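What follows is a set of notes on a single structure, which appears directly below.
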There are 2 protein chains.
Amino acid sequence: MDAETAERKVLDTAEGLFDERGVQAVGMDAIRTASGVSLKRLYQVFPSKDLLVEAVLRRRDEAVRAALTGHGARTAEGPYERALAVFDWLAGWFAEPGFRGCAFINTFGELGGVTPVVAGIARDHKEALRAYFAEQTDALGAPPVLADQLALLANGAMAVAGITGSPEPAAQAKAAARVLLDAAPAS
Amino acid sequence: MDAETAERKVLDTAEGLFDERGVQAVGMDAIRTASGVSLKRLYQVFPSKDLLVEAVLRRRDEAVRAALTGHGARTAEGPYERALAVFDWLAGWFAEPGFRGCAFINTFGELGGVTPVVAGIARDHKEALRAYFAEQTDALGAPPVLADQLALLANGAMAVAGITGSPEPAAQAKAAARVLLDAAPAS
DNA sequence: GCATCGGGAGAACGCTCGTTCTCTCGGTCG
DNA sequence: CGACCGAGAGAACGAGCGTTCTCCCGATGC
């Protein structure tokens, strides 16, 4: 096994276990066992658990950003539809088995108060979501606060869907987003 | 010191430390030192850390419910204003020094995947918030989904305010809530 | 064929933490 | 006044975890 596939397997495994149980409840030994990558190799690629956590979050950050824009470009035409498409994407995510909420919200809750790096990654990630909405609302000529409000709906949906285990918040948030978009001045 | 004040001091101290650093990063020894309650007494009142965590969350649940209805009754007249008053209450909370998000969202992220009791308390708490909104929207004759949507805005505001450290989401969510309330049919 | 190098498995180490135990002391009741 | 009870301080214990080390094996180069 070369270093690249080892790194990918470790990141995949760690991401799954962290999502499922939280970060601190997952030992390096569990990651080694579940991934099949030896501890020695694991520490060659990620010299500490903190760095592994960071790497998992950074990779997920990039994946979510790509999925967002990709889903928007694939399924929606125009800024109005692209803003709403975010909530369809959320609906698919919430329905995945084992969904337990947004990794950034959850990890911030667990480590954000003690690990500034984690807090920063979470902040950047949420800012990126807001910026994506802002692209669409700007194109519509809507006031800037609308992007913040759509982001609040999306994040609220993630939090509530994670805690309740229901995918419904996605559809509820989408309907609310439509009302806000329709009520916004200009176009 | 009698058992009652010891219990209160422990709960106060633990709540503060858990909010600040997360649950697992706070040892029983830190709680003993910060509260001045001896370990022996601490374990007499709360036989395990898990039970202490539960007690902290349950007390906070009750306090939030009381604060919500109390603030609504004190500052607002009528269901429309009482629904919006929630966001004013959030604004005050977000502005408190050291605010780091909703304890239930944060603790669910840290422990919800591994501790069903914690997950249940968080679920019940969020359901109570939704139910409070539902009281107001029912009184307005608005469709039931509006209560869920207001709850999404409130929870989104908590999550984003916690992560970004800004109190702005409260005002943004309130403005969005007003739009949703005004757009709802019937009255 | 043999020496060397790299990697895997897992034991070992040091630390932290939840929980319990020990020792001591002050207050109370007879 | 003296014996006992409860409480406080903190040491002690056992487990878990992040990290490192040891041992062994298979592959590679001369």
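Here is the naming used below: chain letters follow the sequence lines, and residue numbers restart at 1 for every chain. Since this is a predicted model, take the numbers as computed values, not measurements.
- Of the possible donor and acceptor atoms, none in the side chain of B:Q149 sits under 3.5 Å from a partner among the backbone N and O of B:L180.
- A salt bridge is defined here as a Lys NZ or Arg NE, NH1 or NH2 lying under 4.0 Å from an Asp or Glu carboxylate O, and A:D12 with A:R59 meets this definition.
- The aromatic rings of A:W93 and A:F99 sit perpendicular, their planes meeting at an angle over 60°, well past the 30° parallel limit.
- Electrostatic pairing of B:E62 and B:R65 does not count as a salt bridge here, judged by no charged N lying under 4.0 Å from a carboxylate O.
- In the 5' to 3' direction, nucleotides of DNA chain C lying under 4.0 Å from heavy atoms of chain B begin and end at C:dG18 to C:dT20.
- Regarding B:E7, its CD atom lies at a distance of 15 Å from the P atom of D:dA7, rounded to whole Å.
- In this structure, the side chains of B:I31 and B:F18 come closer than 4.5 Å at one or more pairs of heavy atoms.
- A heavy atom closer than 4.0 Å to some atom of DNA chain C occurs in A:R32, A:S38, these being the qualifying members of residues 29-38 of chain A.
- Listed for the B:T107 side chain is no donor-acceptor partner under 3.5 Å among the backbone atoms of B:F104.
- Salt-bridge check for A:R82 with A:E135: failed, with every basic side-chain N at 4.0 Å or more from each acidic carboxylate O.
- Cation-pi geometry between B:R123 and B:F108 is not met at under 6.0 angstrom from the ring centre and within 45 degrees of the axis.
- A distance of 11.0 Å separates CH2 of A:W89 from CZ of A:R74, quoted to the nearest 0.5 Å.
- If you check residues 39-56 of chain B against DNA chain C, the residues with a heavy atom closer than 4.0 Å are B:L39, B:Y43, B:S48, B:K49, listed by number.
- A donor-acceptor pair under 3.5 Å is formed between the side chain of A:R100 and the backbone N or O of A:E20.
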